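Note that the structure is a prediction, hence the values are computed from the model and not measured. Just the heavy atoms: all of them, side chains too, but no hydrogens, waters or symmetry mates, feed the values below.
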Amino acid sequence: MHFQQPNMLWGLLLLAIPLLIHLFQFHRTKTIYFPGVFRLTQRLQQARQQKRLEHWLVLIARMLGLACMVFAFSMPSCSEDGGATKGHSHIVILIDNGFSMSVDGDKGPLIEQAKSQARVILSDLPEGTQVKLLTQTQQSELWLSPSQALGVLDTLSVGLQKFTLKDWVERVQLLQQEAGVRSLGAIVFSDMQSAFFSGMLPQSSDDQIDWRLVHLDLDAAETTVGNLSLDTAWYVSQFSSDSKSEGLVVKAKVSHRGGSISEAKLKLISEGKTLFAQTKTITAGETLEFESVVSQSNMEKPMVLVLGEDGYRYDNQLHLHPVKTWQTTVGVIGMDRALDALFAAQPLLRKRSVSALDIQNNALNGMGLDALVCVGPVKLSKVGVERLRSSIEAGMVFLQFTPSASNAPWDVLKQQYINGTWKRLDERMASAGLSHPLFQGIFSEQLSDKVNMPAFSSVFVGEAMGDAESVLQLEGGQSLLLSQRIESGSQWFWLSDLNEGSKQFLNSGWFLPVVTQVFASSTAQEKPLYGVLFSKQMMSLPAPIATDERAVQLQGMGRSAMVEVQTNAQQQASIYLGAEPSAPGHYRLVSPLEKLPITLAFNWPRLESNLTSDPNWKLVLAQTQMRWNSSEGDGKSSILENEPLKVLWRLFIWGAAIFFAVEVLLLLRRTNIKTQEP
């Protein structure tokens with residue numbers, strides 16, 4: 001038998017206290033001589049011997065009771081091979097320290113329970129044992145001694161779940177092969193989230209790896225706390241048919257991930273001022289949508305969406321970029337009421353007027369255009385057509401709206417339709433056409449057949465489509481929007497008259513997201529509302545930034561660091577984060593060659609937000625066909641020796657209780673005898 005907490009054995013020194021009390025508890029007696037009391041003296045001597053025996057019995061019971069208590073808290077184990085380690089020369093400890101491990105269980109945060117048990121294992125290992133500590137946030141590259149691993153363990157905190165059990169199984173198998181050891185111990189601590197088991201497939205049992213798994217249960221925490229997750233946020237611009245802007249709407253999704261929380265409280269804060277606050281009733285498994293109208297001036301400042309407190313804190317905030325740093329510059333040839341309303345209502349888009357002369361003079365490259373939209377026929381020379389085509393090939397998006405029945409749908413570039421004709425009709429846009437990758441993410445929810453789709457009264461029909469792709473269709477099958485890739489850029493063709501044929505579409509809520517998404521269809525123009533924070537990752541910037549030797553300064557959260565800027569073939573600028581930034585929030589990107597810094601918002605990913613452990617985790621392990629030894633983690637017991645440990649622990653506890661009970665009975669008997677003496 002050995003002890004998992006040998007330091008507690010110092011408590012045996014407490015046994016000296018009752019011994020000293022017994023030894024120094026002298027009774028001074030006074031001798032009184034009285035004649036004829038021989039029989040009485042004999043009885044007194046017998047009583048004194050009996051009391052001396054009782055004193056020794058009380059002392060022994062008291063000391064044995066204290067010893068049992070000390071042994072119980074020293075965590076005894078019958079295993080002679082070091083508990084869970086079984087004498088392995090190489091031990092891999094894997095701690096699933098995802099965000100869900102920050103939940104408080106019956107004995108504190110689950111991550112602290114896992115660290116406590118891991119410390120017990122490391123303290124019990126011989127110093128010559130080779131240890132590797134793998135977590136979701138830290139991956140030790142070298143084999144460490146147990147004392148070195150203890151130092152790394154003390155710095156461990158929760159973070160993003162990047163690895164699944166399948167990833168760790170493959171990693172440990174590779175480590176076993178690289179180390180060349182015949183037997184390796186692998187100990188996994190996890191709260192058994194469903195995401196942790198994703199992709200787990202049946203594998204053959206490997207006798208050279210001793211797999212151990214500790215389940216840290218989340219169910220107890222679920223009864224007292226809950227989790228609301230702020231999943232995502234997006235902008236929606238609104239405008240009326242009279243071209244007057246009605247404001248920019250910020251929308252957000254909040255999901256109930258488990259627990260007893262019944263209300264979701266969401267605030268929108270800018271520079272310490274609350275712009276929006278709303279409370280909604282929410283039930284488990286439900287997802288709600290919040291929205292607030294925000295002025296243009298506020299959208300040009302960094303903002304934060306803040307969710308009310310719950311069992312988790314990491315997914316209760318979402319930092320948003322200022323809109324002005326994320327604009328897409330669009331050149332416009334011609335005029336149209338709907339386009340004017342679009343630019344007035346959508347701060348993400350910036351309008352630049354362009355003429356045929358600008359194209360002829362090759363001025364497009366100097367305008368910094370991300371997209372070019374044509375609302376009418378444009379007459380260009382052969383040189384002008386080639387220059388426009390070169391701009392598209394370099395990555396620009398070109399959108400041609402068909403102006404009227406008297407004009408060809410496009411006479412700037414090579415005509416794709418032959419002998420096309422205009423067709424009068426009254427058909428709705430087909431919702432199935434919105435399954436195209438172009439439209440993924442631009443609508444707040446999955447569309448159903450009950451959604452009121454806009455109708456069209458005319459469409460241009462061609463006899464040949466060439467290599468153009470039909471992106472949107474009408475219910476009758478007629479193409480409404482065509483797309484064609486040209487090198488790095490693309491050209492788009494809208495096959496309905498804007499003035500009459502697309503009237504319902506222009507006045508609906510569909511026009512802005514569809515057209516905006518076309519402008520941003522190039523991969524170089526994907527501009528999210530916030531950045532997702534990963535260490536050692538490339539982060540796309542909202543706009544190109546002039547740099548000095550490809551380096552800029554990232555400032556924020558009281559820290560400053562130099563980061564590398566890289567540009568891809570599409571001229572999209574990105575920064576290499578490395579170890580910076582270390583926390584979500586707003587940061588400034590400063591370059592000596594730029595007048596104004598770029599404000600960036602970094603956030604934790606919206607992942608792993610379920611408060612309930614996977615109820616089928618034992619079945620999943622059984623299906624892997626691997627040999628697993630599993631146990632329930634309680635924050636005290638030695639890893640995987642819980643049952644034998646609990647038996648010994650209970651024996652010592654019962655022993656202490658019995659000896660203390662014997663002591664109490666002896667003391668009561670002594671008191672009873674004294675009361676009966678004359």
Can you measure from [atom1] ([X]) to [atom2] ([Y]) and round to the nearest 0.5 angstrom?
X	Y	atom1	atom2	value
Leu110	His215	CG	NE2	9.0 Å
Gln161	Gln136	CD	CD	5.0 Å
Thr283	Glu263	OG1	CD	12.5 Å
Ser145	Glu127	OG	CD	4.5 Å
Leu165	Leu94	CG	CG	9.0 Å
Trp604	Tyr314	CH2	OH	10.5 Å

Decide yes or no for [X] and [Y]: does some side-chain heavy atom of the first lie under 4.5 Å from some side-chain heavy atom of the second?
X	Y	value
Val563	Leu577	no
Met69	Ile653	yes
Leu621	Phe197	yes
Gln553	Ser560	yes
Asp231	Arg257	yes
Leu230	Asp315	no
Gln317	Asn603	no
Asp96	Val188	no

Inset, instruction - Just do the side-chain contact (heavy atoms from CB on, under 4.5 Å) check on Lys253 and Trp234 with the steps written out, would you? - result: CA-CA 9 Å; Lys253 279 186 177 181; Trp234 66 98; 3.8 Å; yes
Measure across [X] and [Y] and return the closest heavy-atom pair with its distance rounded to 0.1 Å.
X	Y	result
Trp211	Val169	CH2-CA, 3.7 Å
Val172	Ala186	CG1-CB, 4.0 Å
Met192	Val214	CE-O, 4.0 Å
Ser102	Tyr312	OG-CD2, 3.9 Å
Leu320	His586	O-NE2, 3.0 Å
Leu228	Asn316	O-OD1, 3.3 Å

Inset, instruction - Please report the C-alpha distance between Leu184 and His88 in whole Å, then the side-chain angles of each, then the deciding distance to 0.1 Å, and finally whether the side-chain contact (heavy atoms from CB on, under 4.5 Å) criterion is met. - result: CA-CA 6 Å; Leu184 179 145; His88 299 300; 5.9 Å; no
Inset, instruction - Walk me through it: do Leu318 and Tyr530 pass the test side-chain contact (heavy atoms from CB on, under 4.5 Å)? - result: CA-CA 8 Å; Leu318 199 60; Tyr530 50 85; 3.7 Å; yes
Under 3.5 Å donor-acceptor, [X] side chain and [Y] backbone:
X	Y	result
Asp167	Thr164	yes
His256	Ile261	yes
Asn97	Ser157	yes
Thr135	Thr137	yes
Lys115	Leu156	yes
Lys265	Glu309	no

Inset, instruction - With Gln117 as reference, evaluate Ile93, Leu122, Ile95, Leu216 under the side-chain contact (heavy atoms from CB on, under 4.5 Å) test and give the passing residue. - result: Leu216
Legend entry - Phe602 ring center near Tyr587 ring center (under 6.0 Å): yes
Inset, instruction - Apply side-chain contact (heavy atoms from CB on, under 4.5 Å) to Leu266 and Leu305, showing your working. - result: CA-CA 7 Å; Leu266 186 65; Leu305 282 166; 4.3 Å; yes
